[in-house]
Amino acid sequence: MSANLFEGALTERTIFKDLTVLSPHYVPEALPHRSEEVKKVVKALAPILRGEKPNNVFVYGKTGTGKTSVIKHVIRHLTEAANAEKSTTDIGIVYMNCRIGFNSKYQVLLKIVEDPYLNRPDHKERPLDGRTQMKLAGMSPTDLYKRLRKTVEANGIGLVIVLDEVDMVKDVDELIYLLTRINDEIEQVEKDGQKKLGRVVIIGITNSFSFKDKLDPRTKSTLCEEDMVFRPYNADELSTILEERIKIGLKSGVIAESNVALIAAYAAQTNGDARYALRLLQKAGEIAQKESRDRIKKEDVIAAKTGVEEDITFELVTTLPEHQQIVLYAIAELLIQGGNYKRLADMPPDILFSGEAYEGYEKACKALNRTPRTMRWFREYLNDLEMLGLVTLSVSGKGVRGNTSIIRLGSPPAEVKRILQHSLGLK
DNA sequence: CCTCCACAGGAAGCGCAGGAGT
DNA sequence: ACTCCTGCGCTTCCTGTGGAGG
């Protein structure tokens, strides 16, 4: 707890030069180790500048592998190329993250139709022509579609639609079908003395491995005309990424090469996530800065790692549904107490059986004045928690009570308990 | 070997809230 | 503003698996 709310603002900036460079949203000028991917996307989109049909692009990769950055980077260059003087094509780009407010075909369509580019005054057939937002919100998807098609057609627009986290859209199949259908229905028009043909191209981004399989086969073949997988970065690659950012984001000479390598190694262990690496770097810098030092030490990196891990668990745990929190709390509590079953002789102290865990959960519910869920649902909770990496489950080996799960906690029990006591309002 | 225990996880169904369609 | 539908969280019921004990 800081003594003064503005304490952070007062400490001298000994480490950082430009913090925005470390933010996950920052798209650098150069993208190390992703030049092949950039080339591929450029190749897929390039035809749009010649008024031809580009390929739809589908991008898959885990978090922090540079998917969004690559796409945004290419998009930036595409806009520049389209605005260059000799260019005669109209290129519109709509980017949206489907998780945040655009999780249905209707909302996606609305967002596209509201885009300022499509409603530019020098366009004819603007989608919002003579309409207020209120009226627009009452329109059916079919009307929205018609308006969009008309605008694209009348102005010969090459429209690039980027759907980030596209797996969040409930009716993706219909959405993709609708958007690609535009290409089949529109006709060539004359505008400014030139023949023009509008085009729509979709770029889908996801980190869900199973997403592709859930798609309708037809959607799959249209959306994935050009599909690419982003591999996680290895430690060396992460090092160069960090070095690039350090050059612009940090003051010179504040961190030794060996410590950058350490951060990279930590992040490489955690799925090769560049975002995580940057977070570690930032945290290490903050720790050094707090102590008014002008160099990041190895100890700072190590402390940053535990700090960031704690932050992640905290965020994960506190946003959990109540009963999952109770389950986790019960597990932590039982592990601290050493369980309530007769322990087997050679049984390690850091594990629990699901049966005793359920009893602990029932007890915790009683203490909190909640009605416990059934055993069946409790198992679902456990599986959910495993998905999030908060617990690990394994089947019991030989010699122990038939079929039962062995539960281990992903983080130190005392830490989990502390977080949950607060979050659940326990003394 | 048979039965019982302790558990895993699939299938069906239920009540509810909120969104879509009219 | 109306119903209708659908997804979600959950319970109930059930089948299957493997150890323990008679």
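Everything numeric here is computed off the predicted structure, so don't read it as measured data. Each chain gets a letter, A, B and so on, in the order its sequence line appears, and its residues count up from 1.
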Whole-Å distance, A/H323 NE2 to C/dT11 C1', equals 14 Å

Residues in residues 371-379 of chain A with a heavy atom under 4.0 Å of DNA chain B, by number, are A/R376, A/R379

Taken to the nearest whole Å, OH/A/Y358 to P/C/dC10 is 12 Å

Using a cut-off of under 3.5 Å, enumerate the N/O to N/O pairs linking the protein to nucleotides 16-21 of chain B.
none

Practice task
Measure from the ring center of A/H123 to the ring center of A/Y117 and say whether it is less than 6.0 Å.
Solution key: yes

A/I406 atom CD1 is separated from B/dA8 atom C1', nearest whole Å, by 14 Å

Salt-bridge criterion met for A/R376 and A/E380 (N-O under 4.0 Å):
yes

With sequence neighbours left out, the residues meeting salt bridge (Lys or Arg N to Asp or Glu O under 4.0 Å) with A/D173 are none

Where does the angle between the aromatic ring planes of A/H73 and A/H77 fall among parallel (under 30°), tilted (30 to 60°) and perpendicular (over 60°)? tilted

Would you tell me if any nitrogen or oxygen in the side chain of A/S405 comes within less than 4.0 Å of OP1 or OP2 on B/dA8? yes

Output for pair (A/T313 OG1, A/L390 CG), nearest 0.5 Å, gives 7.5 Å

- prompt: What orientation do A/H323 and A/Y381 show, parallel under 30°, tilted 30 to 60°, or perpendicular over 60°?
  reply: parallel

Taken to the nearest whole Å, CZ/A/F353 to C1'/C/dG18 is 14 Å

To the nearest angstrom, the CG-P distance between A/N383 and B/dC7 comes to 15 Å

A/E380 atom CD is separated from C/dG9 atom P, nearest whole Å, by 11 Å

Problem - Geometric cation-pi criterion, A/R34 with A/Y233: 6.0 Å, 45° - result: yes

